[in-house]
*Asks:* 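Dumping the structure here so I can ask a few things about it.
Order of the sequence lines sets the chain letters (A, B, ...), proteins ahead of strands, with each chain counted from 1.
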Protein chains: 2
Amino acid sequence: MRKPPARPPIVPEDINIDVLEDTLSFYIRTINLAVSRDLDERLEGLDVAKGTGKITTLLLVDDYPGIRPSVIAHLILRDRSAMGRLIDQMEGHGLIRREVSPDDSRAQELYITEAGAALAVKIREIVPKQSRDFFSFIPEDEQRLVMDILRRAYRRIVGLP
Amino acid sequence: MRKPPARPPIVPEDINIDVLEDTLSFYIRTINLAVSRDLDERLEGLDVAKGTGKITTLLLVDDYPGIRPSVIAHLILRDRSAMGRLIDQMEGHGLIRREVSPDDSRAQELYITEAGAALAVKIREIVPKQSRDFFSFIPEDEQRLVMDILRRAYRRIVGLP
DNA sequence: GCAATTGGTGGATAATAGCAACTATTTTCG
DNA sequence: CGAAAATAGTTGCTATTATCCACCAATTGC
């Protein structure tokens, strides 16, 4: 007895992912994987790869000289210890530097370096472009729609107005 | 000379996150962190925490008895070696078991166990509820909208029709 | 029957995250 | 004023993950 076309056991085409089909968190989590990998590739060798942290930090320090680690930590959803190590790293790469705040000697103020500022310029080009490219199969207006909604979600999560 | 109200260096309220403001990937990546943490809390102690993998795997194995590791790996965006370890784990917890496929002795077929099926029942309740709750501040219709768009993105990424 | 492909395993390394404990300041307030 | 509480940041530890790569076995194509 011959086997019928040797069923490729379950063909991906038929697959339905159960309740996850209607679960927003599933899509966020999975797409996050894909988009993060793609982004990492584009940032290859740029001293700022892996993890949402570095990019946001770089831009914030560039935009708000003297900003404090804990403020950034809050915005990128990391705890202070993770933030500290992130800063160690970026300082090690010569992208930012820290000073003790004259206002409060427990606190630090972060400043961009020349190298950091230069990198920020590149980042401002690459990162939004990567996002647009990656999601290019989603029509522009839908992209904006999703973004508007997720922006509100983000702001709500971190407590921005 | 007194210091004015001791400026809390930069107040989160004033902060604007530069180009990331309009970068979809930023929101996906950041919200992913928040929603994943929240989900982990809700799954506390349930043998299936951390990482998109386990939940999807459990449901797929429950729905498609005999499904192959590599099919799941593809759907959850992991490579075969990561998938293998994930299965080791779940097998260790007695949630699924593997058999060598009679059709192709390189391949395996995955089957749910009783414990796994029981857990799947719980998961089907908890996971979608967690997502709805977490995003409850987004109006229902907008949630659906985002989901419809991201579903297409996901399907496109993994090559589903 | 040989070469190329596919499915899965195993190892090593590196990266991350999350906790908890600790120091130093600053703030609160009785 | 002075003790207690809160805040900012650091450090150490542990567990978990991810990635990459090489590897073996089976299968498929020609």
*Asks:* Quickly work out the A/D88 CG to C/dT16 P distance and round it to whole Å.
*Replies:*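 The answer, rounded to whole Å, is 13 Å.
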*Asks:* Taking side chain as C-beta onward, heavy atoms only, is B/Y27 less than 4.5 Å from A/I28?
*Replies:*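 No. Closest side-chain heavy atoms not under 4.5 Å.
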*Asks:* CE of B/M83 versus C1' of C/dT9: gap in Å, rounded?
*Replies:*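 Those two atoms, CE and C1', are 14 Å apart.
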*Asks:* Assign B/S81 to base, sugar-phosphate, or nothing according to its heavy-atom contacts below 4.0 angstrom with the strands shown.
*Replies:*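 Base contact - B/S81 has a heavy atom under 4.0 Å of at least one base atom.
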*Asks:* Looking for any heavy atom pair under 4.0 Å, which part of the strands does A/K54 touch: base, sugar-phosphate only, or nothing?
*Replies:*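 Nothing, no heavy atom under 4.0 Å.
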*Asks:* Do the charged groups of B/R151 and A/D22 touch, with an N to O distance under 4.0 Å?
*Replies:*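 Result for this pair is yes, salt bridge flagged.
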*Asks:* Assign B/S105 to base, sugar-phosphate, or nothing according to its heavy-atom contacts below 4.0 angstrom with the strands shown.
*Replies:*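 Touches sugar-phosphate only.
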*Asks:* Could you please name the option among D/dT19, C/dG18, D/dG9 that lies closest to any side-chain atom of A/D79?
*Replies:*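 The listed nucleotide nearest to A/D79's side chain is C/dG18.
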*Asks:* Side chain of A/R106, base of D/dT7: donor and acceptor closer than 3.5 Å?
*Replies:*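 Counting by modelled atom types and ignoring angles, a donor-acceptor contact under 3.5 Å is found here.
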*Asks:* Specify the residue among B/A82 and B/L33 whose closest nucleotide of DNA chain C lies further upstream toward the 5′ end.
*Replies:*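 Nearer the 5' end of the strand: B/A82.
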*Asks:* Between C1' on D/dT17 and CD1 on B/I76, what's the gap in Å once rounded to a whole number?
*Replies:*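 After rounding, the gap between these two atoms is 13 Å.
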*Asks:* Over how many whole Å does the gap from B/I87 atom CD1 to C/dG10 atom P extend?
*Replies:*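 That distance rounds to 12 Å.
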*Asks:* Reading DNA chain D from 5' onward, which residue's closest nucleotide shows up sooner: A/D40 or A/P69?
*Replies:*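 Closest to the 5' end, via its nearest nucleotide, is A/P69.
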*Asks:* What about B/R78: does its side chain form a donor-acceptor pair under 3.5 Å with the base of C/dG8?
*Replies:*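 By the distance-only test, no, there is no pair.
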*Asks:* Distance check: side-chain N/O of B/Q89 vs OP1/OP2 of D/dT16, anything under 4.0 Å?
*Replies:*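 For D/dT16, OP1/OP2 do not have a side-chain N/O of B/Q89 under 4.0 Å.
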*Asks:* Would you classify A/A107 as touching base, sugar-phosphate or nothing, given that sugar-phosphate means primed atoms plus P, OP1 and OP2, and contacts are heavy atoms under 4.0 Å?
*Replies:*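 It contacts sugar-phosphate atoms only.
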*Asks:* Within the structure provided, determine whether A/I76 and A/L86 are in side-chain contact (heavy-atom separation under 4.5 Å).
*Replies:*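 A/I76 vs A/L86: side chains touch.
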*Asks:* Strictly below 4.0 Å, N to O, side chains only: are A/R144 and A/E140 in salt-bridge contact?
*Replies:*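 Salt bridge: yes.
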*Asks:* Any donor-acceptor pair under 3.5 Å between the side chain of B/R37 and the base of C/dG18?
*Replies:*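 Donor-acceptor pair under 3.5 Å: no.
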*Asks:* Please report the distance, rounded to the nearest Å, between CD1 in B/I72 and P in C/dG7.
*Replies:*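 These atoms are roughly 14 Å apart.
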*Asks:* For the pair made of CG in B/D104 and C1' in C/dG8, what is the distance, rounded to whole Å?
*Replies:*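 From B/D104 CG to C/dG8 C1': 11 Å.
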*Asks:* Over how many whole Å does the gap from B/D38 atom CG to C/dA17 atom P extend?
*Replies:*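 These atoms are roughly 18 Å apart.
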*Asks:* Measuring from the side chain of A/Q108 (C-beta onward, heavy atoms only), which nucleotide among D/dT27, C/dG8, D/dT10 has the closest atom?
*Replies:*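 Of D/dT27, C/dG8, D/dT10, D/dT10 is nearest to the side chain of A/Q108.
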*Asks:* Yes or no on salt bridge (charged side-chain N to carboxylate O under 4.0 Å, His left out) for B/D47 and B/K122, after CA distance, side-chain angles and deciding distance?
*Replies:* CA-CA 12 Å; B/D47 262 357; B/K122 283 193 206 168; over 6 Å; no
*Asks:* Answer with yes or no whether A/R80 presents, from its side chain, a donor or acceptor under 3.5 Å of a partner atom in the base of D/dG9.
*Replies:*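 Indeed there is one.
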*Asks:* B/N32 has an atom CG; how far is it from atom C1' of C/dA17, in whole Å?
*Replies:*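 Spelled out: CG on B/N32 to C1' on C/dA17 is 13 Å.
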*Asks:* So that I can tick it off, tell me whether B/D103 and B/R68 are bridged by a salt bridge, with the cut-off set at under 4.0 angstrom between side-chain N and carboxylate O.
*Replies:*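 Here B/R68 does not pair with B/D103 in a salt bridge, since their nearest N and O are not under 4.0 Å apart.
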*Asks:* Can you identify which nucleotide, out of C/dG18, C/dT25, D/dG9, has its nearest atom closest to the A/R85 side chain?
*Replies:*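 Between C/dG18, C/dT25, D/dG9, the one nearest the side chain of A/R85 would be C/dG18.
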